[in-house]
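Structure first, then comments.
Side-chain atoms are counted along with the backbone in the values below, which use heavy atoms only and exclude waters and symmetry mates. Whatever order the structure lists ligands and atoms in, that order sets their numbers, starting from 1.
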Amino acid sequence: MAKLTVRDLDVRGKRVFLRVDYNVPLEEKDGKMVITDATRIVETLPTLKLLIEKGGKLILAAHLGRPKGRRDATLSLQPVAVKLSGLLGKPVTFVDDCIGEKVAQAVAAMKDGDVLLLENVRYYNEEEKNDPAFAEKLARVADVYVNDAFGAAHRAHASTEGVARVVARRGGQCAAGLLMERELKFLGDELENPARPFVVILGGAKVSDKIKVIDRLLEKANTILIGGAMAYTFKLAHGEKIGKSLVEPDHKQTALDAEAKAKKLGVKFELPVDVVVATPVDTGKLNKKGKPVFDFTNVRTVNGNIPDDAEGFGVGEKTAAHYAEIIKGAKTILWNGPLGMFEDARFAASTNIVAQAVADATRQGAKSIIGGGDSVKALKKAGLGDRVTFMSTGGGASLEFLEGAVLPGVAALTDK
Ligand code: ADP
Ligand code: MG
């Protein structure tokens with residue numbers, strides 16, 4: 001069902017409670033917390049500017065990190081207010097609480113088009129519990145509710161769901177921000193009736209993480225390309241050797257069922273024909289988390305069985321080239337999950353080849369949609385972030401949405 005968006009709202013003179021995703025990375029420098037990447041703040045500017053132009057009073061709410069229901073000065077949103085003010089070119093009032101008298105007073109003093117940022121909503125345990133009384137307290141300063149935090153929409157928390165319910169009960173409107181609108185369009189509407197051929201690339205670590213997505217996309221895709229460590233579970237299910245590779249033996253049947261379903265539906269289901277492997281050697285050292293550190297030696301490509309001493313780290317060049325050909329013929333592409341352990345340059349080649357193919361297909365007119373936190377990272381690392389149609393900001397939320405789940409933060413918005 002289509003949801004109301006900020007474009008549909010008349011907010012002049014109204015108090016707009018706007019949930020944003022300002023969960024930015026911070027670093028301590030000379031005793032002060034400094035934002036190391038302001039992308040998430042920059043991305044909200046179009047929604048903010050539109051609502052300012054429309055004459056709303058903007059009350060921004062967000063979470064930062066995991067303060068676990070306590071005030072934690074290192075997780076204050078105060079530096080975000082400073083940064084946002086600079087980016088917007090106008091003052092942003094910061095209130096060091098998200099509920100209570102201080103907030104009510106600051107909001108009462110606002111004029112149309114003013115912007116105010118509340119302190120971290122997770123300073124209260126009630127936020128993640130979606131406590132109804134807490135949601136009422138947040139809603140005290142809300143005539144209208146807008147959610148632009150797609151990345152938090154899979155959680156039913158007070159600021160993502162509860163407060164919207166309160167506003168709606170009072171007859172107020174609840175709308176998607178522009179960022180949220182784009183996520184719903186590309187991960188939702190565009191994949192309902194995709195231009196064909198529709199090619200889905202699925203990689204990443206585990207079959208169990210992605211099986212619901214595979215299952216749902218089997219109903220829609222023409223071709224599914226499998227990569228990443230999840231390919232080893234398929235290999236194992238076929239009776240092949242996978243050496244020391246990451247694998248889920250309990251999910252062999254899951255893998256076989258997916259293949260059978262693909263066959264039944266006439267979906268082409270492609271598995272890697274070659275694998276880049278290496279021999280892990282224990283260095284005897286421990287990392288920060290106390291886990292043993294391995295050196296990966298003797299990097300090589302194998303066809304078929306993976307030797308007992310070796311571990312797979314991605315699809316080989318033959319597979320990558322074959323996948324690239326298929327991708328170049330696509331009209332719609334959905335990519336979720338890297339094809340190998342791209343974080344290590346020795347295993348990034350296949351992911352980069354596929355990323356390039358996605359960019360080439362996009363240039364030829366295909367729509368390319370990238371969901372999943374690590375896939376977006378991989379694409380940016382390959383320098384192709386601006387060469388695709390859409391990159392989701394969602395991470396876990398985009399995965400759940402692709403599975404066909406109803407996200408509580410979306411469900412709470414007003415239907416058109
Ligand atoms: P996304 O965040 O895009 O949904 P995932 O979280 O499912 O993707 O998977 C990403 C992770 O999978 C990456 O950290 C990558 O290193 C890892 N990975 C991919 N292929 C392999 C492999 N063959 N062996 C080990 N790890 C892999
Ligand atoms: Mg991930």
Side-chain angles (χ1 to χ4, degrees), residues 23 150-151 154 183 186-187 200-214 216-217 224-236 240-248 251 254-255 271-280 287 289 291 293-296 299-302 306-307 310-317 319-320 323 333-355 358 368-382 384-385 388 390-403 405:
N23 193 20
F150 181 75
H154 58 319
E183 297 276 356
F186 284 106
L187 298 180
V200 175
I201 310 154
L202 287 174
K206 294 181 178 171
V207 172
S208 57
D209 280 349
K210 303 282 162 93
I211 188 58
K212 285 193 196 146
V213 177
I214 298 178
R216 173 150 182 273
L217 290 169
I224 294 191
L225 308 174
I226 299 286
M230 78 158 111
Y232 311 134
T233 301
F234 285 91
K235 261 175 126 36
L236 192 68
E240 287 178 46
K241 294 197 168 181
I242 47 114
K244 296 181 171 173
S245 307
L246 194 62
V247 71
E248 294 177 289
H251 280 283
T254 315
L271 292 165
V273 293
D274 58 348
V275 187
V276 179
V277 304
T279 305
N287 69 11
K289 290 181 182 162
K291 294 227 173 98
V293 177
F294 288 90
D295 253 352
F296 299 121
V299 178
R300 62 217 190 260
T301 301
V302 299
I306 298 173
E311 182 172 353
F313 288 108
V315 311
E317 261 175 51
T319 304
Y323 286 5
I333 300 160
L334 174 69
W335 181 11
N336 178 282
L339 284 101
M341 198 171 77
F342 72 96
E343 295 92 340
D344 185 320
R346 291 172 295 176
F347 310 118
S350 57
T351 299
N352 290 341
I353 289 169
V354 162
V358 173
S368 51
I369 298 162
I370 320 298
D374 293 296
S375 317
V376 167
K377 254 184 237 162
L379 196 78
K380 284 185 177 165
K381 209 167 171 194
L384 299 168
V388 295
F390 179 70
M391 280 194 299
S392 175
T393 59
S398 48
L399 198 64
E400 285 194 27
F401 195 60
L402 289 172
E403 289 172 358

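Heavy-atom minimum distance, V315 versus V276: O-CG2, 3.6 Å.
Using bins of under 30°, 30° to 60° and over 60° for the plane-to-plane angle, the ring pair F150/F401 lands in the perpendicular bin.
Of all protein atoms, those that are N, O or S and lie under 2.8 Å from the Mg ion (ligand 2) total 1.
K235 meets the salt bridge (charged side-chain N to carboxylate O under 4.0 Å, His left out) test with E240; sequence neighbours excluded.
Atom-to-atom distance recorded for L399:CG and K210:NZ is 6.0 Å, nearest 0.5 angstrom. With rounding to the nearest 0.5 angstrom, the CD1 atom of I214 is 12.0 Å from the CG atom of L402.
A side-chain donor-acceptor contact under 3.5 Å links D274 to the backbone of T319. Formation of a donor-acceptor pair under 3.5 Å by the E311 side chain with backbone atoms of P280 is not found in this model.
For K381, the NZ atom counts as densely surrounded, since its 6.0 Å shell holds more than 12 non-hydrogen atoms of other residues, nucleotides or ligands.
Residues lining ligand 1 at a heavy-atom distance below 4.0 Å are given as G204, A205, K210, G228, A229, Y232, G312, F313, G314, N336, G337, P338, G340, M341, E343, G372, G373, D374, S375, ordered by chain and residue number.
Judged as a salt bridge (charged side-chain N to carboxylate O under 4.0 Å, His left out), the pairs with a partner in residues 334-354 (not counting sequence neighbours) are, in order, D344-R346.
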